[in-house]
Amino acid sequence: MALAIRSSLRAAAMGRKAFRAAPMRVAPVQRVRAVTTASAEITAYSVEEKGPKDSLEYRMFFKQGAKEVSCWHEIPLFAGDGHLHYICEIPKETSAKMEVATDEPCTPIKQDVKKGKLRFYPYNINWNYGMLPQTWEDPGHTDATLQAAGDNDPVDVVEIGAATAKRGGVYKVKPVGVLAMIDDGELDWKVIAISADDPKAALCNDVEDVEKHFPGEIQKVLEWFRDYKIPDGKPANKFGYDNKCMNKEFTMNVIKETHEAYVKLKSGARANSEELSLI
């Protein structure tokens with residue numbers, strides 16, 4: 001009888017241990033799910049193309065549901081968790097110089113025009129290229145250090161991730177640095193960023209990380225934008241700060257200042273003397 005009782009107690013104890021151990025077997029699976037990264041593309045926005053492609057009339061308009069929206073004015077700049085929204089105008093390895101038409105209602109994407117003809121780069125751009133919404137480089141403000149005024153456009157983004165973005169796609173990116181390009185005397189910031197869902201995004205938090213995980217890439221960006229006008233007989237573009245890519249802190253200050261300039265323009269605190277579309 002005593003032997004049977006001891007056997008029953010041992011079995012019960014083993015049962016309790018097995019019950020307590022069960023949650024430990026599923027914990028690793030839950031941790032894996034917790035770090036899963038969502039896509040960086042913002043699918044709340046869609047695009048509608050109007051006019052023949054590869055024509056002066058072509059436009060790409062943005063929509064949120066059934067409503068037509070301005071990608072410059074109605075897509076927020078800040079995306080949370082240190083990320084920004086950016087709109088891809090020119091996917092990597094293409095040459096058509098597409099840009100947001102800041103002087104047209106609803107600010108669609110169109111192809112730039114030069115001497116009445118559609119404009120193309122002399123060779124493909126090697127990165128996804130676009131703009132930050134709700135930013136503006138004020139041509140009425142001269143940078144005290146660089147002695148150059150803004151170029152009257154939103155801030156540009158060079159996205160260095162591995163994937164090819166879609167023209168008109170809205171994405172979350174992590175800004176990591178900025179180049180101060182001087183184009184024909186105008187200040188034209190080039191923010192270096194990486195898509196939030198790129199495999200190397202978590203590794204890149206500042207300029208030195210980009211140099212480590214994308215060795216030589218920033219120099220390639222600088223040289224591309226320095227030289228792309230030379231085949232058309234124009235001089236090379238210049239860069240401030242001795243051609244240095246400025247760090248993340250500096251980059252965020254540039255973004256903050258250009259966002260504040262945009263807010264003043266949009267609110268009417270700064271006169272819209274450039275006749276930009278504010279709708």
Side-chain angles (χ1 to χ4, degrees), residues 32-47 60 62 71 75 77-100 109 120-133 135 154-179 181 188-228 239 243-248 250-252 254-255:
V32 170
R33 286 199 299 268
V35 299
T36 299
T37 303
S39 172
E41 184 177 4
I42 308 301
T43 56
Y45 302 99
S46 60
V47 293
M60 176 179 278
F62 288 75
C71 63
I75 296 175
L77 170 61
F78 298 102
D81 297 326
H83 295 133
L84 305 173
H85 289 123
Y86 106 102
I87 293 93
C88 178
E89 298 165 308
I90 308 174
K92 64 163 60 180
E93 303 307 332
T94 65
S95 64
K97 194 175 185 309
M98 311 300 292
E99 61 183 15
V100 169
I109 290 177
F120 292 85
Y121 290 124
Y123 29 71
N124 287 351
I125 189 167
N126 306 129
W127 309 271
N128 298 308
Y129 187 60
M131 52 82 83
L132 293 177
T135 62
V155 174
D156 295 324
V157 173
V158 183
E159 195 276 301
I160 62 174
T164 300
K166 299 185 298 186
R167 181 187 300 165
V170 182
Y171 299 90
K172 287 192 292 187
V173 293
K174 180 191 291 187
V176 290
V178 68
L179 293 164
M181 190 173 95
D188 186 5
W189 295 108
K190 304 295 182 189
V191 169
I192 309 299
I194 185 167
S195 177
D197 63 359
D198 188 87
K200 295 183 179 180
L203 303 173
C204 294
N205 297 295
D206 216 321
V207 173
E208 61 268 21
D209 299 323
V210 178
E211 294 292 358
K212 179 179 179 180
H213 298 288
F214 294 85
E217 201 71 12
I218 291 175
Q219 182 63 25
K220 292 176 186 176
V221 172
L222 184 146
E223 291 176 1
W224 196 99
F225 283 97
R226 183 193 65 194
D227 298 341
Y228 80 91
F239 290 83
N243 296 336
K244 181 182 178 182
C245 184
M246 308 304 285
N247 67 12
K248 173 70 172 279
F250 187 100
T251 302
M252 294 310 297
V254 168
I255 292 167

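Keep in mind that the numbers below use all heavy atoms, side chains included, and drop hydrogens, waters and symmetry copies. Heads up: numbering here begins at 1 and tracks the sequence.
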Is Cys204 close to Phe214 at the side-chain level, that is, under 4.5 Å between some pair of heavy atoms? yes
So Pro175 and Met252, do their side chains get closer than 4.5 Å, heavy atoms only? yes
Can you find a pair of side-chain heavy atoms, one from Lys200 and one from Ile194, that are under 4.5 Å apart? yes
Yes or no on ring-ring contact (aromatic ring centres under 6.0 Å, His included) for Tyr121 and Tyr228, after CA distance, side-chain angles and deciding distance? CA-CA 7 Å; Tyr121 290 124; Tyr228 80 91; 5.3 Å; yes
Residue pair Ala201 / Ala196: nearest heavy atoms and the distance that separates them: CB-O, 3.7 Å
If the test is side-chain contact (heavy atoms from CB on, under 4.5 Å), which one of Val210, Asn126, Val158 qualifies with Val221? Val158
Between Val191 and Val173, is any pair of side-chain heavy atoms under 4.5 Å apart? no
So which heavy atom on Ala96 is nearest to which on Arg167, and how close? CB-NH2, 4.4 Å
Supply the atom-to-atom distance Leu132 CG to Asp156 CG, rounded to the nearest 0.5 angstrom. 8.5 Å
Closest heavy-atom pair, Pro91 versus Thr94, reported as atoms and distance to 0.1 Å, is O-OG1, 2.6 Å
Where do Thr135 and Val155 come nearest, in terms of heavy atoms and distance? OG1-N, 3.0 Å
As an exercise, state the distance from CD of Glu159 to CD1 of Ile192, rounded to the nearest 0.5 Å. 10.5 Å
Assess the side chains of Tyr129 and Lys190: does a donor N or O sit below 3.5 Å from an acceptor N or O? yes
Roughly how far, to the nearest 0.5 Å, is CD1 of Ile42 from CD1 of Ile75? 9.0 Å
Heavy-atom side-chain contact between Leu84 and Val157 under 4.5 Å: no
I need the minimum non-hydrogen distance between Tyr86 and Asn128, along with the two atoms involved. OH-CB, 3.3 Å
Does anything in residues 201-214 pair up under side-chain hydrogen bond (donor to acceptor under 3.5 Å, both in side chains), and if so which pairs, sequence neighbours excluded? Lys174-Asn205
Steps toward side chain to side chain contact (heavy atoms under 4.5 Å, CB included) verdict (Val100, Phe62): CA-CA 11 Å; Val100 169; Phe62 288 75; 5.6 Å; no
Answer whether the closest heavy-atom distance between the side chains of Ile125 and Phe225 falls below 4.5 Å. yes
Is the shortest heavy-atom distance from the side chain of Leu179 to the side chain of Cys245 under 4.5 Å? yes
Please answer whether the main-chain N or O of Ala40 pairs with a side-chain N or O of Asp197 as donor and acceptor at a distance below 3.5 Å. yes
Do Trp189 and Thr251 have side chains that get closer than 4.5 Å, going by heavy atoms? no
Rounded to the nearest 0.5 Å, how far does NZ of Lys92 lie from CG of Asn124? 11.5 Å
Correct closest heavy-atom pair for Asp198 and Ala162 would be OD1-N, 2.8 Å
Quick one: list whatever passes side chain to side chain donor-acceptor pair (under 3.5 Å) with Glu217, sequence neighbours left out. Trp127
Run through Met60, Lys97, Met131 and flag the one making a side-chain contact (heavy atoms from CB on, under 4.5 Å) with Glu89. Met131
